[in-house]
**Q** 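Okay, handing you the structure first.
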Protein chains: 2
Amino acid sequence: MKRTKKERQQLLQETIGENPFVTDEDLAEQFGVSVQTIRLDRMELSIPELRERIKHVAKSRLTDEVRSLPIEEVIGDVIDIELDSSAISIFDVRKEHVFVRNGIARGHHLFAQANSLAVAVINDELALTERATIRFTRPVREGERVVAKAKVTEVNAKKERTKVEVKSYVEKELVFRGDFIMYRSNIRAEGEAE
Amino acid sequence: MKRTKKERQQLLQETIGENPFVTDEDLAEQFGVSVQTIRLDRMELSIPELRERIKHVAKSRLTDEVRSLPIEEVIGDVIDIELDSSAISIFDVRKEHVFVRNGIARGHHLFAQANSLAVAVINDELALTERATIRFTRPVREGERVVAKAKVTEVNAKKERTKVEVKSYVEKELVFRGDFIMYRSNIRAEGEAE
DNA sequence: CTACTGTTAGTACCTAGTCCTAATATCGGA
DNA sequence: TCCGATATTAGGACTAGGTACTAACAGTAG
């Protein structure tokens with residue numbers, strides 16, 4: 001017996017996790033045990049059969065119309081935020097963000113990062129972009145990490161407008177700049193101190 | 001016979017297109033024909049069996065890490081384009097495009113539609129957004145159809161810059177406007193007439 | 001030695017098909 | 001009305017990739 005039951009089951013779980021399309025027979029061969037053993041293992045680990053696994057993946061893909069834009073509420077990871085003052089987020093450019101032809105990041109991803117950061121920094125129930133002037137100062141490529149820094153430059157509660165300046169950098173080098181004029185509902189977000 | 005063969009096959013194709021998880025038996029019941037008839041129909045239309053369909057969906061989902069943005073090259077559907085002159089695309093705002101809290105479309109989607117249209121309209125090997133001024137004139141909501149119209153306002157080959165003006169409408173009402181200054185490589189795209 | 005765990009083997013059954021043959025049904029045209 | 005073509009249905013044999021269950025056996029611990 002090369003591996004103990006535990007080791008085998010551990011590996012089994014990982015293997016199926018990586019490739020849900022593998023059959024019990026494949027696995028039996030791979031681990032040098034019988035098909036029945038694999039089935040018992042799956043039982044114990046409550047891993048469903050191949051077809052159910054595939055169905056699950058397929059369904060999650062179709063339900064993904066909801067998730068569709070991998071962009072969730074804020075594009076990039078917010079690493080620091082001070083409401084109505086400043087915020088920072090990072091965004092790693094991967095192959096799905098670039099033009100196939102030249103590997104340059106598509107502008108709307110940089111915009112999305114900056115824009116969502118501008119929305120996030122505003123301490124209000126509702127914040128909408130009303131106007132923006134943006135500049136792409138250097139093409140960004142696959143694999144680069146973009147750090148966006150937002151700064152609130154003007155809060156005018158009466159006018160229901162806030163100006164936010166966002167500068168995005170790759171290694172200290174400015175790659176994007178956006179000046180956003182945000183509309184805000186002027187109603188403090190819940191649970192906020194005066 | 002309620003429907004002709006052609007009608008049934010047409011419907012069959014649509015039905016499976018909408019829901020790949022439907023079995024031959026389900027379909028047979030739905031159309032009031034035998035399972036065998038459904039199978040013959042699938043043969044003629046070369047639609048694979050249920051499990052293959054599911055597998056295909058599942059695989060495309062896993063491979064999707066690559067395609068990730070369902071948005072392919074252009075966001076929205078281009079319905080008309082005249083290179084270096086004008087282009088029109090439509091974009092249907094669905095629930096994945098809006099803020100959960102208020103149902104208003106997230107700005108970057110409108111920007112993405114406009115920006116990618118500005119890129120598409122340029123008849124060049126390489127086109128990148130260099131600068132843009134944008135205005136969101138009215139919030140767009142779930143269910144609305146946004147029609148973006150791009151117009152090339154200035155082509156200056158020497159300077160390698162092109163100005164594109166994009167106006168997006170919902171039912172004749174302006175909801176977004178963007179003025180893009182695009183960088184271009186100044187090398188004609190392949191297969192283009194002088 | 002016995003009890004227990006782990007592993008293997010084999011059977012019957014299931015779903016959602018394939019492929020193939022054969023029998024009907026339906027319809028248009030001479 | 002009969003002929004032939006197309007359309008539909010039925011059935012049998014087979015497949016993959018299982019489930020559920022029973023039975024047998026090996027190795028180890030008490």
Side-chain angles (χ1 to χ4, degrees), chain A residues 1-68 70, chain B residues 1-68 70 94 96:
Chain A
M1 202 191 293
K2 275 194 290 187
R3 296 178 193 86
T4 73
K5 191 180 171 182
K6 273 195 181 177
E7 285 173 328
R8 188 188 58 234
Q9 292 195 344
Q10 167 82 28
L11 257 163
L12 188 96
Q13 199 137 35
E14 285 171 23
T15 309
I16 295 179
E18 281 167 29
N19 173 22
F21 299 95
V22 68
T23 65
D24 288 355
E25 209 174 332
D26 292 345
L27 291 162
E29 210 168 309
Q30 195 173 322
F31 294 125
V33 294
S34 71
V35 185
Q36 284 76 357
T37 303
I38 297 293
R39 308 236 221 252
L40 286 172
D41 284 346
R42 275 201 298 102
M43 295 280 166
E44 286 177 25
L45 300 168
S46 43
I47 295 170
E49 62 164 289
L50 172 70
R51 285 144 177 171
E52 291 307 312
R53 295 197 299 267
I54 291 180
K55 209 179 287 178
H56 185 261
V57 176
K59 274 195 177 147
S60 81
R61 133 105 208 195
L62 289 191
T63 319
D64 258 10
E65 307 290 316
V66 179
R67 200 206 57 133
S68 196
Chain B
M1 201 192 291
K2 273 194 295 190
R3 298 178 192 82
T4 74
K5 190 180 173 182
K6 273 196 180 173
E7 284 174 328
R8 189 188 57 234
Q9 292 195 343
Q10 167 83 26
L11 257 163
L12 188 98
Q13 199 136 35
E14 285 171 23
T15 308
I16 295 179
E18 281 167 29
N19 173 23
F21 298 96
V22 68
T23 65
D24 288 356
E25 209 175 332
D26 293 345
L27 291 162
E29 209 168 309
Q30 195 174 320
F31 295 127
V33 295
S34 71
V35 186
Q36 284 78 358
T37 303
I38 297 294
R39 307 234 222 255
L40 287 172
D41 285 347
R42 275 201 299 101
M43 295 281 167
E44 287 178 23
L45 301 168
S46 45
I47 296 170
E49 64 164 288
L50 172 70
R51 285 146 176 166
E52 290 308 312
R53 294 196 301 265
I54 292 180
K55 209 179 288 179
H56 185 260
V57 176
K59 275 195 177 148
S60 80
R61 133 106 208 193
L62 290 189
T63 320
D64 253 11
E65 308 292 317
V66 179
R67 206 202 55 135
S68 193
R94 291 199 304 274
E96 62 264 31

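Naming convention: chains lettered A, B, ... in sequence-line order (proteins, then strands); numbering from 1 in each chain.
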**Q** So, using side-chain hydrogen bond (donor to acceptor under 3.5 Å, both in side chains) as the criterion, who are the partners of A:E52 when residues are at least two apart?
**A** A:K55
**Q** With rounding to the nearest 0.5 Å, note down the distance linking CD1 in B:I54 to NE2 in A:H56.
**A** 13.0 Å
**Q** Roughly how far apart are B:F31 CZ and B:L11 CG, rounded to 0.5 Å?
**A** 5.0 Å
**Q** Which pairs, protein N/O on one side and nucleotides 25-28 of chain D N/O on the other, fall under 3.5 Å?
**A**
none

**Q** Where the side chain of A:K5 is concerned, which of C:dG6, D:dG18, C:dG17 is the nearest nucleotide?
**A** C:dG6
**Q** Can you sort out the partners of B:E44 under salt bridge (charged side-chain N to carboxylate O under 4.0 Å, His left out), two or more places apart, ordered by chain and number?
**A** B:K5
**Q** Just the rounded figure in Å: distance from C1' of D:dA16 to CG of A:L27.
**A** 15 Å
**Q** Taking only N and O in the side chain of B:R8, is any of them less than 4.0 Å away from OP1 or OP2 of D:dT8?
**A** yes
**Q** How many Å lie between CD1 on A:I16 and C1' on D:dG17, as a whole number?
**A** 13 Å
**Q** Between A:Q9 (CD) and C:dT5 (C1'), how many Å, whole number?
**A** 13 Å
**Q** Please identify each residue that fulfils side-chain hydrogen bond (donor to acceptor under 3.5 Å, both in side chains) with B:T23, with sequence neighbours left out.
**A** B:D26
**Q** Would you compute the distance between atom CD of B:Q10 and atom CG of B:L45 and round it to the nearest 0.5 angstrom?
**A** 9.5 Å
**Q** Applying side-chain hydrogen bond (donor to acceptor under 3.5 Å, both in side chains), name anything that partners B:Q13, two or more places apart in sequence or on another chain.
**A** none
**Q** According to salt bridge (charged side-chain N to carboxylate O under 4.0 Å, His left out), who are the partners of A:R51, at least two apart in sequence or on a separate chain?
**A** A:E49
**Q** Going by heavy atoms closer than 4.0 Å, what residues in residues 41-54 of chain B are next to DNA chain D?
**A** none
**Q** Show the nearest heavy-atom pair for residues B:R8 and B:V33, with the distance to one decimal.
**A** NH1-CG1, 3.9 Å
**Q** Taking only heavy atoms on the protein side, list every residue of residues 33-40 of chain A lying under 4.0 Å from any atom of DNA chain C, sorted numerically.
**A** A:V33, A:S34, A:Q36, A:T37, A:L40
**Q** Rounded to the nearest Å, what distance is computed from the CZ atom of residue A:F21 to the P atom of nucleotide D:dG18?
**A** 13 Å
**Q** For B:R42, check side-chain hydrogen bond (donor to acceptor under 3.5 Å, both in side chains) against everything at least two apart and list the hits.
**A** B:D24
**Q** Please check: side-chain N/O of B:R53 versus main-chain N/O of B:I47, any donor-acceptor pairing under 3.5 Å?
**A** no
**Q** Give the rounded distance in Å between these two atoms: NZ of A:K55 and P of C:dG17.
**A** 10 Å
**Q** What is the distance, rounded to the nearest whole Å, between atom CD of A:E29 and atom C1' of D:dG17?
**A** 15 Å
